[in-house]
K.L.:
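Submitted below is the structure of interest, expressed as structure tokens.
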4 protein chains.
Amino acid sequence: MVKRYVPAMVKDEILIKKRREQMVKAAVKLFQEKGFHRTTTREIAKAAGFSIGTLYEYIESKEDVLYLVCDSIHDGVKTRFTEMLDRNLPGRKRIEQLVRSLIHVMDELQDEVLIMYQESKALSKESLTYVLNRDRSMTEGIRSVLIECREHGEIELSDLEAQLLAENIMTKGYMWTFRRWALRKHFTLEQYTDLQVEEIMRSLKTPK
Amino acid sequence: MVKRYVPAMVKDEILIKKRREQMVKAAVKLFQEKGFHRTTTREIAKAAGFSIGTLYEYIESKEDVLYLVCDSIHDGVKTRFTEMLDRNLPGRKRIEQLVRSLIHVMDELQDEVLIMYQESKALSKESLTYVLNRDRSMTEGIRSVLIECREHGEIELSDLEAQLLAENIMTKGYMWTFRRWALRKHFTLEQYTDLQVEEIMRSLKTPK
Amino acid sequence: MVKRYVPAMVKDEILIKKRREQMVKAAVKLFQEKGFHRTTTREIAKAAGFSIGTLYEYIESKEDVLYLVCDSIHDGVKTRFTEMLDRNLPGRKRIEQLVRSLIHVMDELQDEVLIMYQESKALSKESLTYVLNRDRSMTEGIRSVLIECREHGEIELSDLEAQLLAENIMTKGYMWTFRRWALRKHFTLEQYTDLQVEEIMRSLKTPK
Amino acid sequence: MVKRYVPAMVKDEILIKKRREQMVKAAVKLFQEKGFHRTTTREIAKAAGFSIGTLYEYIESKEDVLYLVCDSIHDGVKTRFTEMLDRNLPGRKRIEQLVRSLIHVMDELQDEVLIMYQESKALSKESLTYVLNRDRSMTEGIRSVLIECREHGEIELSDLEAQLLAENIMTKGYMWTFRRWALRKHFTLEQYTDLQVEEIMRSLKTPK
DNA sequence: GATGAATGAGCTTTCATTCAT
DNA sequence: AATGAATGAAAGCTCATTCAT
């Protein structure tokens, strides 16, 4: 399964979903302001609108909140990213669109993505595996598009090159968030997107 | 000045240097294993070979240790990187060498770089500024090489493109550390380096 | 308001009152034995019958305990003092009674008053203001009785003399506690009271 | 003996005297600003112009500094007070002069006296005894003047009344320092002195 | 299911004192 | 005699977690 099972004391699944959404929303805001370690469980509970006792009816440990946050952010990124993709675009245009969509989503969810990036190391090994797997599956999605393009004879690249390009594209998305302190000084979102797209397109090899 | 002044109770500057080196060495190891927040000042002192009281003779707060660690890591990266560069290489070869050197250094110091990347957010605003400035100055160094190449007519690129390429090169270095969980699955250091170099060289524009 | 607001984590006001009473009672005893600075928060919590964590659910800092102690002692002094006064006594008798009551209360609460006198300098400036204001209001109460006596033509004294006499009376009360090491060698409570009353009565001027 | 023996590692008595004067001068200033408990031995040494190691060559513990400070302040008060007294004044004038001189000295040395009054409780039982004995001997000096006046038929008072009056006079001196927060609001030094003198003179009984 | 008072291990930091130089 | 680096016990305070109501 793609998601870790987080045990709850409460049985009602609908309530669990509702309460966890409240807590994630509150936690995202707090983690953004103060980071995971400086945020207390009491603060999360209060910001979520219930008591500390109730918080622990829906999770087992503070780390669970972080996991749920990361999971929820991944859902957000994945959903928006997928929505933006048009599978019917022709060849190279699909790659371009892929990059533009990714950067766009990363920009929209920059605060959330930053949390995930900076705090995920505080996760237990097990939770981290789940989070990394979701990242990997996204990279895999990008890679499969590249492979498809190759199959259609649009571009020429080895399996290894496809893998690296997928990683590079992912990183171009992420870096807009975690190097924003540097990038924002020089580029608007549009400039950044255009230039990165151009760079990738130039680097693509055309089959003879 | 490029470095933040960290006050000490002890006067002997040579001793301060020595003790801080001990403490940084111990801290790097501990931060690697457990992260900054989970490492206690007592552990750092003990691992450095002196008492908790002595630790606080050389710093003012736990955060100072993190700053010294980041600073020391930056020194390491900068030094090694600079040593590897050969200013006499012809045109495009210099860019290639730049990328190869950076990735090489990042690989050598991957554990340290990872600490800096993951924990620097725990720094105070003031300390963080210093750390980011050092990163910025390294990016700037790369950018100036690119501009030089342009001046010599080796490549064609706008100021903005130079800036972005510098950032991209830096990121290609960093990503070998912070995405190693994914990259190591598919690439050896040599493969990764070669492919990234090729990708960059392909994307460069030649002046007419 | 005459009292400083001391924030608590716990919401239940009745519980706050109860726990703070426990903690004040414990603290008074400990401060008596070892003074404020030598008493630890752990000792206070233990003597009060709860854990250190619980202590900090009801105060924000150790200084708050001292403030609550001073406040509680002032309450005790004020309450007992007020109870002892008979507003219907004729003229000079009221002044005599005032002095006797004050010394009597100071004797009853000598240990507590001594704490307040010796430790209040450890209070923050803000807390100290509150404590001094309560002292001032008591002095003012005495002064107003003196002025009343003057209005009724029982005694003759200027405004300034009334102010000083009020301060002198307060001090005659306090000194029975903070100079007890000297006074107890020579006087019983009764002797001290009688002699001080006589001295004051002799010093009063009768209107012509 | 009237003074406690404070052991030193150093033999040279003249040096001991000199160094202790330096340290007392520094300590008085620091205790005034931050109180005894908040002042560190390091600060005292530094302000005195020598190292922490040297400080401990001349005392055995931090408490010794406090004792030396109290002792020095008492010396100051005693010396100035004695200088001001004119043994040849006639009867009641001598008492008046006594009170005036005391208040005058207390005003001059108010900061020092306040330290002694507020911090002496931090002394060990043994040191405290010495400090209280010096206070007692001053009270005794006042008492003996009162008795002399009685012997000369200037005033009429019992032994017990003499004792109390001596204590009251001492307290009128002290209170100008420790209740200055209240007294300064209403009185100048001159007003305070005049009114207290008048009050005492009025309360004196004349022999028939 | 919800509450929130209670807990105590554990953290960072301070500072009087020592002792080798 | 003077120095100051080293020490470590001890202090104030925090906060994830539990559990009786």
Side-chain angles (χ1 to χ4, degrees), chain A residues 8-12 15-16 19 37-46 49-65, chain B residues 8-12 15-16 18-19 37-46 49-63 65, chain C residues 8-12 15-16 19 37-46 49-65, chain D residues 8-12 15-16 19 37-46 49-65:
Chain A
M9 299 302 303
V10 169
K11 298 299 157 203
D12 183 342
L15 199 51
I16 292 179
R19 293 274 183 261
H37 283 102
R38 284 204 189 93
T39 302
T40 68
T41 50
R42 260 176 164 166
E43 287 172 316
I44 297 168
K46 192 175 178 188
F50 38 72
S51 73
I52 181 66
T54 300
L55 184 78
Y56 275 86
E57 293 285 307
Y58 295 91
I59 50 156
E60 287 191 315
S61 73
K62 190 186 174 188
E63 198 234 284
D64 284 349
V65 180
Chain B
M9 299 299 306
V10 167
K11 296 172 180 175
D12 184 340
L15 199 52
I16 290 177
K18 183 182 154 197
R19 293 276 181 261
H37 283 102
R38 285 206 187 91
T39 302
T40 70
T41 50
R42 277 198 148 72
E43 287 172 318
I44 297 169
K46 195 176 176 187
F50 36 74
S51 71
I52 181 66
T54 299
L55 183 78
Y56 276 90
E57 293 283 305
Y58 295 90
I59 50 156
E60 287 192 315
S61 73
K62 190 186 173 188
E63 200 233 283
V65 181
Chain C
M9 300 299 305
V10 167
K11 295 172 180 176
D12 184 340
L15 200 51
I16 291 177
R19 292 276 182 262
H37 282 102
R38 284 205 189 92
T39 302
T40 70
T41 51
R42 280 194 148 75
E43 287 172 318
I44 297 168
K46 194 175 178 186
F50 37 72
S51 71
I52 181 68
T54 300
L55 183 76
Y56 277 90
E57 292 282 306
Y58 295 91
I59 50 157
E60 288 192 316
S61 73
K62 191 186 172 188
E63 200 233 284
D64 285 347
V65 181
Chain D
M9 300 301 303
V10 168
K11 299 298 156 205
D12 184 340
L15 199 51
I16 292 178
R19 292 275 183 262
H37 283 101
R38 285 204 189 94
T39 302
T40 68
T41 50
R42 259 175 165 166
E43 287 172 316
I44 296 169
K46 192 176 178 188
F50 38 72
S51 73
I52 181 68
T54 300
L55 184 78
Y56 275 87
E57 294 284 309
Y58 295 91
I59 51 157
E60 288 192 314
S61 74
K62 189 186 173 188
E63 199 234 283
D64 285 347
V65 180

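Remember, predicted model here, so these are calculated numbers, not experimental data. Proteins come first, then strands; the chains are lettered A, B, ... in the order of their sequence lines, and each starts at number 1. Note: hydrogens, waters and symmetry copies are ignored here, and every other heavy atom, side chains too, is used.
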K.L.:
Would you mind reading off the distance between C/His37 atom NE2 and E/dA16 atom C1', rounded to a whole angstrom?
P.N.:
15 Å
K.L.:
Which heavy atom of A/Ile16 sits nearest to which heavy atom of A/Ala8, and what is that distance?
P.N.:
CD1-CB, 3.8 Å
K.L.:
Just how far, in rounded Å, is P of E/dT14 from NZ of C/Lys62?
P.N.:
16 Å
K.L.:
Ignoring hydrogens, what is the shortest heavy-atom contact between A/Thr41 and A/Lys62? Give both atom names and the distance.
P.N.:
CG2-CG, 3.7 Å
K.L.:
Could you give the CD-to-C1' distance, from A/Glu43 to E/dG4, as a whole number of Å?
P.N.:
16 Å
K.L.:
Where each residue is assigned the nucleotide of DNA chain E containing its nearest heavy atom, which of B/Ile52 and C/Tyr58 is assigned the position nearer the 5′ end?
P.N.:
C/Tyr58
K.L.:
For DNA chain E, produce a single dot-bracket line, 5' to 3'. Pairs: Watson-Crick or G-U wobble, both distances under 3.5 Å. Symbols: ( ) within strand, [ ] crossing, | other strand, . unpaired.
P.N.:
.||||||||||||||||||||
K.L.:
Side chain of A/Thr54, heavy atoms from C-beta onward: which of E/dT13, E/dT7, E/dT3 has the nearest atom to it?
P.N.:
E/dT3
K.L.:
Specify the separation, in whole Å, of atom CG of B/Leu55 and atom C1' of E/dC15.
P.N.:
15 Å
K.L.:
Output yes when at least one side-chain N/O atom of B/Tyr56 is less than 4.0 Å from OP1 or OP2 of E/dC15, else no.
P.N.:
no
K.L.:
Which of the following nucleotides, E/dA16, E/dT7, E/dG4, is nearest to the side chain of C/Ser51?
P.N.:
E/dT7
K.L.:
Measure the spacing between CD of B/Glu43 and CD1 of B/Ile52 and express it to the nearest 0.5 Å.
P.N.:
10.5 Å
K.L.:
Are D/Glu57 and D/Arg19 close enough, and set up right, to give a side chain to side chain contact (heavy atoms under 4.5 Å, CB included), and what steps lead you there?
P.N.:
CA-CA 10 Å; D/Glu57 294 284 309; D/Arg19 292 275 183 262; over 6 Å; no
K.L.:
In terms of the nearest nucleotide of DNA chain F, which residue is placed more toward the 5' end: D/Gly53 or C/Glu63?
P.N.:
D/Gly53
K.L.:
Provide the start and end nucleotides, 5' to 3', of the part of DNA chain F that has atoms under 4.0 Å from heavy atoms of chain A.
P.N.:
F/dC15 to F/dT18
K.L.:
Output the rounded distance in Å from NZ (D/Lys46) to P (E/dC15).
P.N.:
15 Å
K.L.:
Specify whether D/Phe50 and D/Tyr58 have parallel, tilted or perpendicular ring planes, treating 30° as the upper limit for parallel and 60° as the lower limit for perpendicular.
P.N.:
tilted
K.L.:
In whole Å, what is the span from the CG atom of C/Leu15 to the P atom of E/dT7?
P.N.:
11 Å
K.L.:
Please classify the nucleic acid contact of C/Arg19 as base, sugar-phosphate, or nothing, using heavy-atom distances under 4.0 Å.
P.N.:
sugar-phosphate
K.L.:
Establish whether the base of E/dG10 is bridged to the side chain of C/Arg42 by a donor-acceptor pair shorter than 3.5 Å.
P.N.:
yes
K.L.:
Between B/Thr41 and C/Val10, which has a closest nucleotide on DNA chain E that is more 5'?
P.N.:
C/Val10
K.L.:
Report the distance from atom NZ of B/Lys46 to atom CZ of B/Arg42, rounding to the nearest 0.5 Å.
P.N.:
11.0 Å
